Amino acid sequence: MSDNRPDWHTYFMKMAYLVSERSTCLRRKVGAVIIKNNQIISTGYNGAPKGVPHCSQTGCLRAKTNVPSGERHELCRGVHAEQNAIIQAAVNGVSISNAELYCTNQPCSICAKMLINAEIRNIFVSEVYEDKLARTLLEQASVNVFHFDMKTKTLTKIV
């Protein structure tokens, strides 16, 4: 009898993609899952703050002003998936120190700074996002970042 269960990396990355389906971002749907001891601590997806109209209702401010991907993150109504996952853990009073993050996309520099201060030690991403400052900060803080290829089930250390 074969065991067809997914390995842990596949299991948690699939959850990150499922979480991303709740995103209201018009440009990129991102999902994040914070894990500790193979248990889900919190999840987050990118979208407008609670009680604020979503971009799907108002339109994308970044698209309207032709802001390129990866630049001027402050010109966005949305809260990033990683930020929302950190916030949800805090709202629920759960420590994420020494936890791991599974995210559909590599964190930007703003999220990297938050993940460093939240004491996330390992980050697993499915899609690489070029942000040199984020990589530098994560490397300097000794946070491991791995690319997880969902097709081949391989891990490659990128930071």
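In this text, all values refer to a predicted model and were calculated from it rather than measured experimentally.
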Spacing of [X] atom [atom1] and [Y] atom [atom2] [to the nearest 0.5 Å]:
| X | Y | atom1 | atom2 | value |
| --- | --- | --- | --- | --- |
| R72 | L75 | CZ | CG | 4.0 Å |
| N122 | N98 | CG | CG | 9.5 Å |
| H9 | T154 | NE2 | OG1 | 10.5 Å |
| T43 | R22 | OG1 | CZ | 9.5 Å |
| Q88 | Q83 | CD | CD | 12.5 Å |

What is the minimum heavy-atom distance between [X] and [Y], and which atoms define it?
| X | Y | result |
| --- | --- | --- |
| H147 | S126 | NE2-O, 3.0 Å |
| G31 | S20 | N-CB, 3.3 Å |
| N105 | E82 | O-OE2, 4.0 Å |
| A48 | P53 | CB-O, 3.5 Å |
| A32 | C103 | CB-SG, 4.1 Å |

field: Short side-chain donor-acceptor distance under 3.5 Å, S95 and S97
entry: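 No donor-acceptor contact under 3.5 Å links the two side chains.
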Should [X] and [Y] be regarded as members of a common hydrophobic cluster, given that ILVMFWY residues are connected when their side-chain heavy atoms come within less than 4.5 Å of each other, either directly or indirectly?
| X | Y | value |
| --- | --- | --- |
| V79 | I34 | no |
| Y45 | I41 | no |
| F148 | L101 | no |
| I96 | I40 | no |
| V33 | L155 | yes |

Single hit among I120, V125, V30, I116 for side-chain contact (heavy atoms from CB on, under 4.5 Å) with P107: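 By the side-chain contact (heavy atoms from CB on, under 4.5 Å) criterion, P107 pairs with just one of I120, V125, V30, I116: V125.
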Report yes if the side chains of [X] and [Y] come closer than 4.5 Å at any heavy-atom pair, otherwise no.
| X | Y | answer |
| --- | --- | --- |
| E21 | Y17 | no |
| N144 | I123 | no |
| K36 | E100 | no |

field: Sequence-distant partners of Q140, side-chain contact (heavy atoms from CB on, under 4.5 Å), two or more places apart
entry: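 Expected list: T136, L137.
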Keeping [X] on the side-chain end and [Y] on the backbone end, is there a donor-acceptor pair under 3.5 Å?
| X | Y | value |
| --- | --- | --- |
| K157 | F146 | no |
| D131 | L133 | yes |
| Q57 | H54 | yes |
| N46 | S23 | no |
| R77 | T58 | no |
| R27 | C60 | no |
| Q106 | Y129 | yes |
| T24 | S56 | no |

task: Would you please name every residue forming a ring pair (Phe, Tyr, Trp, His ring centres under 6.0 Å) with H73, sequence neighbours left out?
output: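 Ring pair (Phe, Tyr, Trp, His ring centres under 6.0 Å) check on H73 returns H80.
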- prompt: So, are E130 and K132 salt-bridged, with charged N and O less than 4.0 Å apart?
  reply: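 Looking at E130 and K132, the cut-off is not met.
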- prompt: Could K151 and D149 be called an ion pair, given the rule that one side-chain N must be under 4.0 Å from one carboxylate O?
  reply: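 Not counted as a salt bridge, because no side-chain N and carboxylate O are separated by less than 4.0 Å.
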Steps toward side-chain hydrogen bond (donor to acceptor under 3.5 Å, both in side chains) verdict (R28, S69): CA-CA 10 Å; R28 182 186 314 241; S69 179; 2.9 Å; yes
- request: May I ask you to decide if the ring planes of F12 and W8 are parallel, tilted or perpendicular, using 30° and 60° as cut-offs?
  value: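 F12 vs W8 ring planes: parallel.
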message: I'd like to know whether V128 forms a side-chain contact (heavy atoms from CB on, under 4.5 Å) with R135, so could you lay out the CA-CA distance, the side-chain angles of the two residues, the decisive distance to 0.1 Å, and finally the verdict.
response: CA-CA 11 Å; V128 177; R135 284 187 184 205; 3.1 Å; yes
task: Please check if atom CZ in R121 has more than 12 non-hydrogen atoms from other residues, nucleotides or ligands closer than 6.0 Å.
output: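 Yes.
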query: Mind checking whether Y102 and F124 have ring centres under 6.0 Å apart?
result: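 Between F124 and Y102, which both carry aromatic rings, the centre distance is below 6.0 Å.
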